[in-house]
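Below you'll find the structure, written out as structure tokens, and then a few comments.
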Amino acid sequence: MGRFSEPPDPLFQAINTSLAFDRRLWPHDVAQSRAHAKMLAGAGIIATDDRDAILAGLDTVEQELATGEFPFLASDEDIHMAIERRLTELTSAGARMHTARSRNDQVVTDVALFTRAAAQETLEAIASLSDALLEVAERHVDWPLPGYTHLQRAQPIYLSHHLLAYFWMLQRDRERFEAVVEAASVLPLGAGALAGVNFETDREAVAAELGFASVSPNSLDAVSNRDFVFDYLAAATTCATHLSRLGQEIVLWTSSEFGFMTLSDAWSSGSSLMPQKKNPDAAELLRAKAPRITGHLAALHGVMHALPLTYNKDLQEDKEHLFDSVDTLLDCLRAAEGMIRTARFHREAMATAAGDEAIAATDLADMLVRQGVAFRDAHGKVGEVVRVAEESGRPLKDVAVEQLGPESEAVLEQASWLESKVSQGGTSLPRVREQLEAARALL
């Protein structure tokens, strides 16, 4: 029993064990242990026969874990101890594997490997959703609909332009997750418990085998660093927030009041009472999942806040926040892609809403500006025209022609409203096609 004369209290054992959630780290722990054993033999710290026995034992452990045949015990505190315990059962050389290694640097290395792999998988899901948005935008390049501010009709835009807004949000998300990959590419292993180890190890060799770009320069920082987890959670929070906005717009657009869009049955739910219902539950869940991820980010900040160097058991609480955020975000990205790829858009409903003359008011003001009227004065004149039209029940075009001149009639032609937005990044077709070309090149 070593240092202790009595076993742990069962309640302490229950809150102390992490095997229920950290067992998913096993592929990274096996890979790390292989690299560590090879380094130990290469540095002359263990014999090559021991290395070979350890590697053979790890092959067996890997097979058992992959097939679900691994013999876990109630006494296994975490996946790291479970693997070492099983390896030692398979070969006495297993007792040498933990030479020049602490669970402190072992655990953070596994978490770094997991985070890097998760960020790369997230990047793939972002690319796939981006492709879906771009493909749908290309198919609906010239379909008009209203753009909104304050959820009130504001100015007409093209559906392609609207979808591309989410494409560009996702490209910023991509850059953030690329930074996560970089942040998780610094090897902690070799830091020991906190002060380094008593052997001349080859950390660069381990880093090369595991795909790390560099090694941590300070052992204290190495074992206590979870910045790369923060980076993943922060990037995930922003990405999930973007998806929540897309989800909300899907909810609005599929409502009877808007009628711009219909989700496929595969991404809709019914009602237990009302037979006619077709609910956008998947889109609603995009809204609800975002604060869940935000909560994980805030909770990990709470775990790390004012935590003294170096390792504290508090750091065990990093994993569930990370794991759930990774799973949740990947589900949301894939659900958003499924909804977008299979949705049907309704051109007539969108065009009718975009045909509301009032949303061309800015174009009327700009017409007056070209005639030499100061914009604020033009704004006031057009506002008065809109008020008179609403109060009298007359068409805006009739009042505008009467009060602002015959040029108003051409300005209020619907195609004019859209194609007048010629500024870079605007919604006119030439500008939208520039965006589509740039987006396709980026993908």
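Please read these numbers as outputs of a predicted model, since none were measured by experiment. We number each residue from 1, following the sequence as shown.
- Side chains of R341 and W267 form no contact here, defined as non-hydrogen atoms less than 4.5 Å apart.
- Taking the six-membered ring wherever Trp is involved, the centroid distance between the rings of F260 and H346 does not fall below 6.0 Å.
- Ring to ring, F258 and Y148 are close: their centroids are under 6.0 angstrom apart.
- Side-chain contact check for D265 versus K278: some heavy-atom pair is nearer than 4.5 Å.
- Formation of a donor-acceptor pair under 3.5 Å by the S216 side chain with backbone atoms of L187 is found in this model.
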Could you please spell out the steps behind the side-chain contact (heavy atoms from CB on, under 4.5 Å) verdict for F167 and L442? CA-CA 11 Å; F167 177 92; L442 189 60; 4.3 Å; yes
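- Atom NE2 of residue H140 and atom CG of residue L159 lie 6.0 Å apart, to the nearest 0.5 angstrom.
- No salt bridge links D22 with K319; every basic N to acidic carboxylate O contact stays at or beyond 4.0 Å.
- In this structure, L134 and L164 approach most closely via the heavy-atom pair CD1-CD2, 4.1 Å.
- Closest approach of G57 to L90, counting heavy atoms only: O-CD1, 3.7 Å.
- For the pair H296/E320, no side-chain contact is recorded, criterion being any heavy-atom separation below 4.5 Å from C-beta on.
- Checking side-chain atoms of T17 against main-chain N and O of Q13 turns up no donor-acceptor pair under 3.5 Å.
- Between the side chain of Q155 and the backbone N or O of P146 there is no donor-acceptor pair closer than 3.5 Å.
- Between E249 and H162, the side chains place a donor N or O and an acceptor N or O closer than 3.5 Å (distance only, hydrogens not considered).
- The 12-atom threshold is exceeded at CD of Q120, counting heavy atoms of other residues, nucleotides or ligands nearer than 6.0 Å.
- For R103 and D78, the salt-bridge test passes: some basic side-chain N is under 4.0 Å from an acidic carboxylate O.
- Aromatic ring centroids of F230 and H301 lie under 6.0 Å apart.
- With a 6.0 Å radius and a threshold of 12 heavy atoms from other residues, nucleotides or ligands, R431 has its CZ atom above the threshold.
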Going through the checks in order, is the side-chain contact (heavy atoms from CB on, under 4.5 Å) test met by E138 and S160? CA-CA 7 Å; E138 289 169 335; S160 53; over 6 Å; no
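- Not a single donor-acceptor pair under 3.5 Å links the side chain of E337 to the backbone N or O of A125.
- Cation-pi geometry between R245 and Y166 is not satisfied (NZ or CZ under 6.0 Å from the ring centre, within 45° of the ring normal).
- Checked by atom type and distance alone, the side chain of N279 never pairs as donor or acceptor with a backbone atom of K277 at under 3.5 Å.
- At least one donor-acceptor pair under 3.5 Å links the side chain of D76 to the backbone N or O of L73.
- Here the side chain of K38 pairs no donor or acceptor atom with the backbone of V206 at under 3.5 angstrom.
- Rounded to the nearest 0.5 angstrom, E317 CD and N312 CG are separated by 12.5 Å.
- Under a 4.0 Å N-O distance rule, the pair K421/D363 qualifies as a salt bridge.
- For the pair D231 and R176, the salt-bridge criterion is not met [side-chain N within less than 4.0 Å of a carboxylate O].
- Residues S18 and E77 have side chains that never bring a donor and an acceptor to within less than 3.5 angstrom of each other.
- When each of T262, V251, L252 is tested with P280 by the rule side chain to side chain contact (heavy atoms under 4.5 Å, CB included), just one qualifies, namely V251.
- Closest of all the heavy-atom pairs between N104 and G192 is CB-O, 3.9 Å.
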Please evaluate residues Y232 and T122 with respect to the criterion side-chain contact (heavy atoms from CB on, under 4.5 Å), reporting the C-alpha separation (whole Å), side-chain torsions for both, the decisive distance (0.1 Å), and the verdict. CA-CA 10 Å; Y232 185 94; T122 305; 2.8 Å; yes
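- The pair R440-E434 does not count as a salt bridge, with every side-chain nitrogen at least 4.0 angstrom from each carboxylate oxygen.
- With T201 contributing its side chain and G190 its backbone, the two residues share no donor-acceptor pair below 3.5 Å.
- In this structure, R116 satisfies the cation-pi test against F212, with its NZ or CZ atom closer than 6.0 Å to the six-membered ring centre and inside 45 degrees of the ring normal.
- T60 and R86 share no side-chain donor-acceptor pair at under 3.5 Å.
- Around atom CZ of R96, no more than 12 heavy atoms belonging to other residues, nucleotides or ligands sit under 6.0 Å away.
- Using a 4.0 Å cut-off between charged side-chain N and carboxylate O, D324 and R292 make a salt bridge.
- One distance of note links OG of S428 with OH of Y158; it measures 8.0 Å at 0.5 Å rounding.
- Distance check: L286 CG to D331 CG gives 10.5 Å after rounding to the nearest 0.5 Å.
- Looking at every heavy atom in both residues, S214 comes nearest to A207 through O-CB, 4.3 Å.
- Under the side chain to side chain donor-acceptor pair (under 3.5 Å) test applied with S33, the options E84, R101, H28 reduce to a single match, R101.
- Applying the side chain to side chain donor-acceptor pair (under 3.5 Å) criterion to R139, with sequence neighbours excluded, gives E135.
- Judged by distance alone, the side chain of S128 and the main-chain N or O of E124 form no donor-acceptor pair under 3.5 Å.
- Salt bridge absent: R203 and D105 never bring a charged side-chain N and a carboxylate O closer than 4.0 Å.
- The CG atom of L40 sits 6.0 Å away from atom OG1 of T99, with the distance rounded to the nearest 0.5 Å.
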Tell me, with the steps shown, if R347 and D142 meet salt bridge (charged side-chain N to carboxylate O under 4.0 Å, His left out). CA-CA 10 Å; R347 186 167 195 161; D142 60 349; 3.4 Å; yes
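- For V229 against V111, the heavy-atom pair with the smallest separation is CG2-CG1, 3.9 Å.
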Do E437 and V432 pass the side-chain contact (heavy atoms from CB on, under 4.5 Å) test, and can you show the C-alpha distance, the side-chain angles, and the key distance before you say yes or no? CA-CA 9 Å; E437 184 178 349; V432 171; over 6 Å; no
Step by step, work out the salt bridge (charged side-chain N to carboxylate O under 4.0 Å, His left out) result for R34 and E62. CA-CA 11 Å; R34 282 197 182 105; E62 181 179 49; 2.7 Å; yes
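- A 6.0 Å sphere centred on CD of E200 holds no more than 12 heavy atoms belonging to other residues, nucleotides or ligands.
- Taking the six-membered ring for Trp and the full ring otherwise, W26 and H80 have centroids separated by 6.0 Å or more.
- With values rounded to the nearest 0.5 angstrom, N225 atom CG is found 12.0 Å from L220 atom CG.
- Judged by distance alone, with hydrogens and angles left aside, the side-chain atoms of T328 form no donor-acceptor pair with the main-chain N or O of S325 at under 3.5 Å.
- Within a 6.0 Å radius of CG in D9, more than 12 heavy atoms belonging to other residues, nucleotides or ligands are found.
- Taking the six-membered ring where tryptophan is involved, the planes of F72 and F70 are tilted, since the angle between them lies from 30° to 60°.
- With 3.5 Å as the limit, one finds a donor-acceptor pair spanning the side chains of S264 and T342.
- Pairing each heavy atom of M339 with each of A283, the nearest pair is SD-N, 3.6 Å.
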